[in-house]
Amino acid sequence: MTTERRPDAAASAGAYPGAAAIPQDIDWSGDLPVLAVRDELIAAVRAHQVVIVAGETGSGKTTQLPKICLAAGRGRTGMIGHTQPRRIAARAVASRIAEELKTQVGAGVGFKVRFSDQTATQTYLKLMTDGVLLAELGQDRLLRAYDTIIIDEAHERSLNIDFLLGYLRTLLAKRPDLKLLITSATIDVERFSRHFAGAPVFVVEGRSYPVETRYRPVSLEAAASSEDEGFELIEEAIPRAVVEAVEECLQHERAQGRSARGDILVFSSSEREIRLLADTLRKYGPPHTEILPLYSRLSVAEQQKVFERGSGRRIVIATNVAETSLTVPNIHYVIDPGFARISRYSYRSKVQRLPVEAVSQASANQRAGRCGRIAPGVCIRLYSEADYLARPEFTDPEIRRTNLAAVILQMQVLGLGDLERFPFLDAPDSRLVNDGFRLLEELGAVDRQRRITTLGRQIARLPLDPRLARMVVAAAPLGALHEVLVIVAALSVQDPRDRPHDKQQAADERHAQFRHPDSDFLFFVNLWDVLAAQKGELTERERREFARKHFLSWLRLREWRETWRQLVQLCEGLKLPMNREPAPYEAVHRALLTGLLSQIAHKGDDREYQAPRNQKALVFPGSVLARKGPPWIMAAELVETHRVYLRLAAKIEPEWAEKLAGDLLKRSYSEPHWERRQGRVVAFEQTSLFGLVLHARRKVNYEPVNRAEAREIFIRDALVAGDIDLKAAFFRHNRELIAEVERLEDKTRRRDLLVDEETLYAFYDERVPEDVASLKTFEDWRHRVEKEQPGHLCLSREQVLAKAADDGTAHDFPDTLRVAGHDLPLRYHFEPGHEADGVTLLLPAGLVQEVPEAVLEWLVPGLLGDRVEALLRGLPKALRRQLVPLPDTVASVLQELGPQMPGAQQGRPQGAGGKAPESLLAALGQALLRRGVRVGASDWAG
DNA sequence: TTGTGGTGT
């Protein structure tokens with residue numbers, strides 16, 4: 001780790017001690033192509049602010065350019081900063097150049113990568129990763145620590161490089177004293193030149209041997225009949241073609257009469273395909289040949305085999321790791337099927353995809369170049385020349401195919417303004433930019449106006465993916481910072497688990513003891529606890545042994561620990577308190593969920609999960625949840641390969657997501673209605689997040705949702721309909737008033753006496769304030785208002801009566817009927833067709849015998865008219881005709897019948913005990929007879 | 001039933 005640190009560069013620009021350490025004489029020995037143009041380069045550096053140097057591997061540009069800069073007088077007012085895409089390269093280049101300049105690494109020449117700063121005050125040449133230079137922008141906006149900057153391997157076009165090239169272009173005007181050198185493979189250098197106002201380009205020969213390219217297109221005859229051509233190609237046709245190509249290499253070697261065997265490098269697109277090719281080659285390939293897989297995730301020991309020279313011939317089957325990151329020694333032949341997995345972020349599905357694609361011409365050439373380093377080589381391409389020529393010249397730069405949230409956030413912090421106008425070499429797709437902002441908004445790092453928030457600044461200060469940084473910030477208040485830092489550190493380095501192909505089961509068994517049944521994340525916490533406990537107890541040797549036995553990569557464990565340590569320090573700076581007690585599951589996972597809101601999924605049929613935006617996904621088979629499948633999960637990654645996989649997952653409760661989602665949560669309401677028991681208006685709420693329904697039908701108080709509508713429902717269904725438990729005088733009064741009118745309606749067999757509901761609604765609507773929509777708010781208001789106006793809510797008789805009812809009602813429709821000396825209650829009901837329609841005498845069983853039927857025929861005075869009219873209408877036509885106009889006859893007959901009603905003299909009908917009453921039909925018959933119409937008993941209908 | 005390769009305040 002760091003021993004010395006430079007003082008603040010900007011403040012000490014005048015007192016830069018590196019210049020004094022620069023050697024007087026530079027050793028130019030060594031036979032490197034770049035030295036042929038050394039003097040021109042020195043002159044160019046002096047004359048131009050920007051110089052582009054294109055050269056292939058072996059040109060010596062990486063080691064000689066810094067020296068050329070020194071010779072051109074650079075490094076005198078600030079360091080020469082020299083960036084590399086990879087840490088390993090930064091270290092290696094630093095030690096090579098330190099040796100050539102006869103200084104020590106960490107003295108005149110230093111390097112700085114994550115976790116290791118080997119620079120000193122006298123350092124005049126600083127190797128670093130491009131990520132480090134970017135990070136330094138935070139403290140040193142004008143890069144005053146440097147008077148020269150070399151961006152190496154610019155053709156790789158990583159996000160870091162593209163950002164740096166854009167930033168440096170803006171910086172050149174502000175720092176006229178700054179020199180910039182850009183090196184690249186000999187591809188597309190004109191683009192770089194144009195980007196920097198026509199900077200001069202030097203093309204330096206690589207020192208490599210000629211490579212003969214042979215095109216051997218894969219025969220797809222066998223695949224033609226297959227339904228899945230891609231499958232056929234990868235599973236059968238390519239392995240077959242590779243076997244043939246290997247044979248061709250061996251034939252070539254025999255024809256050359258070479259004594260030493262040459263190794264063969266086969267490019268492959270994935271671990272799976274490597275296995276497939278390896279199996280095929282072991283079966284059908286040449287005997288006595290070592291087959292070596294090579295890919296980044298391979299354990300260190302297995303990778304190391306590639307660099308240990310064995311005795312026999314070797315065939316190395318490698319992913320793209322061998323195209324840029326690792327140089328496989330002794331390669332005379334390259335076999336290139338022409339495919340690679342390319343990471344592409346889909347702004348539409350918000351998913352990282354890893355499709356297998358045909359590689360670009362640039363990539364194919366880079367692959368071919370891998371066999372021309374020690375001798376003339378042969379590259380066999382398993383595709384046609386026409387295919388090659390039809391391919392894109394260059395691989396899409398990363399900025400065109402990745403999520404841009406981190407870059408956007410960085411630019412916001414640096415105040416670089418509008419990303420759309422930033423001078424990128426290739427402008428990012430605006431849809432990717434929008435999606436980057438969308439993610440930042442989801443994380444709360446920017447607001448709706450896309451301005452960075454306080455939270456965003458905290459996130460930006462952590463050297464983490466924004467999602468992971470968000471988790472860290474959330475963890476402290478939840479008392480789960482310790483666990484979350486352990487997890488986040490693990491997620492930001494390579495998985496420390498080794499899983500050698502031939503010992504998969506053993507590895508899985510060893511790893512199983514650290515598993516948590518519901519969460520892949522807690523694996524890391526469990527493992528961490530065990531490793532932490534060992535620190536005081538076991539020697540390093542014992543701990544290494546433990547790691548080995550448990551299929552854990554010591555190197556990656558160290559990276560994990562160092563990342564964690566760095567994060568712990570930063571959290572202290574951010575004043576995020578560390579928990580001492582272990583955090584419960586919920587706290588840890590709520591914190592994680594803050595960064596993974598758009599990566600939740602809901603269990604569907606079978607093992608399939610429904611992920612956001614209507615996507616089907618599967619839990620990655622290595623997860624503890626792969627078999628179990630709880631209803632709701634979140635995943636650290638959502639990657640599409642053969643399927644969409646949810647990798648590193650944990651069980652969650654949908655309520656956690658609901659609470660965290662804020663404005664992202666969509667709520668819809670249905671069926672708002674009054675609930676008497678709750679005394680309020682409720683509705684069913686449906687919540688959803690990114691199209692996933694978190695809760696389908698939850699009963700909620702509707703008042704805060706839509707107060708106006710809730711109030712209307714409250715007035716209509718509670719106050720007007722009377723469906724409310726109110727012990728209030730006004731309410732009893734109003735109910736009684738309404739009941740009275742309703743009784744009147746029943747008696748008079750009409751439905752137009754009570755005012756309609758709208759009128760009653762209007763009455764309350766006028767009085768009840770806007771903010772009253774429930775029993776409680778209503779009562780609170782009523783108690784206040786009735787102190788001033790006690791009758792404020794009382795309806796008057798006029799207000800409930802639609803028309804004035806006549807005053808004869810009490811006589812015409814008595815409430816009781818006097819029968820056999822008893823006042824018996826009468827019930828009125830107006831509902832034609834109903835059993836109880838009309839008037840009903842409630843007769844105790846004991847009195848049944850005492851009531852003459854004749855009494856009942858007469859009904860009550862108010863109904864007698866209708867009854868008589870009905871009887872007359874029921875007469876045979878011949879009789880009826882003599883009674884027209886019927887209404888007149890009814891009116892005049894009633895005049896006579898009225899006084900004859902039972903009990904009419906006393907004002908009340910009478911039953912047995914008085915004079916026996918005459919039957920209605922008899923009385924009516926008499927009345928009609930007086931009008932000259934004789935009605936027989938059989939003439940009465942029914 | 002399984003993922004290309006890097007980088008960091």
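Each chain gets a letter, A, B and so on, in the order its sequence line appears, and its residues count up from 1. Just so it is clear, the model here is predicted, and its values are computed rather than measured.
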**OP:** Between B/dT2, B/dT9, B/dG5, spot the one nearest the side chain of A/Q566, thanks.
**Re:** B/dT9

Original post:
Does a nitrogen or oxygen in the side chain of A/R341 sit under 4.0 Å from OP1 or OP2 of B/dT4?
Top reply: yes

Subject >> Position toward the 5' end of DNA chain B (nearest nucleotide), A/S158 or A/A460 >> reply: A/S158

Subject >> Minimum-distance nucleotide (side-chain atoms of A/F620 versus B/dT4, B/dT9, B/dT2) >> reply: B/dT2

Subject >> Any A/R87 side-chain nitrogen or oxygen under 4.0 Å from OP1 or OP2 of B/dG8 >> reply: yes

Original post:
Would you say B/dT4 has OP1 or OP2 under 4.0 Å from some side-chain N or O of A/S270?
Top reply: yes

**OP:** Record whether the side chain of A/R627 comes under 3.5 Å of the base of B/dT1 through a donor-acceptor pair of N or O atoms.
**Re:** yes

Original post:
Atom CG of A/L294 and atom P of B/dT4: how far apart are they, to the nearest Å?
Top reply: 13 Å

**OP:** Nearest whole angstrom, please: distance from the C1' of B/dG6 to the NE2 of A/H155.
**Re:** 13 Å

Subject >> Stepwise salt bridge (charged side-chain N to carboxylate O under 4.0 Å, His left out) test for A/R367 and A/D336 >> reply: CA-CA 7 Å; A/R367 288 176 172 194; A/D336 179 17; 2.7 Å; yes

Original post:
If each of A/R607 and A/V132 is mapped to the nucleotide of DNA chain B with the nearest heavy atom, which maps nearer the 5' terminus, i.e. the 5' end?
Top reply: A/R607

Original post:
B/dT2 base to A/R499 side chain: any donor-acceptor pair below 3.5 Å?
Top reply: yes

**OP:** Report which part of the nucleic acid A/I342 touches: base, sugar-phosphate, or nothing (heavy-atom distance under 4.0 Å, all strands).
**Re:** nothing

**OP:** Return no unless some side-chain N or O of A/Q139 is found under 4.0 Å from OP1 or OP2 of B/dT9.
**Re:** no

Original post:
Across the strands shown, which category fits A/Q504 at heavy-atom distances under 4.0 angstrom: base, sugar-phosphate, nothing?
Top reply: nothing

Original post:
B/dG5 phosphate, OP1 or OP2: any side-chain N/O from A/T319 under 4.0 angstrom?
Top reply: yes

Original post:
Between A/V446, A/L440, A/I452, A/L439, which is the residue that forms a side chain to side chain contact (heavy atoms under 4.5 Å, CB included) with A/I408?
Top reply: A/L440

**OP:** Report the residues that fulfil ring pair (Phe, Tyr, Trp, His ring centres under 6.0 Å) with A/H602, sequence neighbours left out, ordered by chain and then residue number.
**Re:** A/W632

**OP:** Mind calculating the distance between CG (A/N320) and P (B/dG6) to the nearest angstrom?
**Re:** 10 Å

Original post:
Within the structure shown, what part of the strands sits under 4.0 Å from A/L462 by heavy-atom distance: base, sugar-phosphate, or nothing?
Top reply: base

Subject >> Listed partners of A/R461 passing side chain to side chain contact (heavy atoms under 4.5 Å, CB included), at least two apart >> reply: A/L574

Original post:
Which heavy-atom pair separates A/V624 from A/H516 by the least distance, and what is that distance?
Top reply: CG2-O, 3.4 Å

**OP:** To the nearest Å, give me how far apart CZ (A/R297) and P (B/dG5) are.
**Re:** 9 Å

Original post:
Within the pair A/T129 and B/dG8, is there a side-chain N or O less than 4.0 Å away from OP1 or OP2?
Top reply: yes

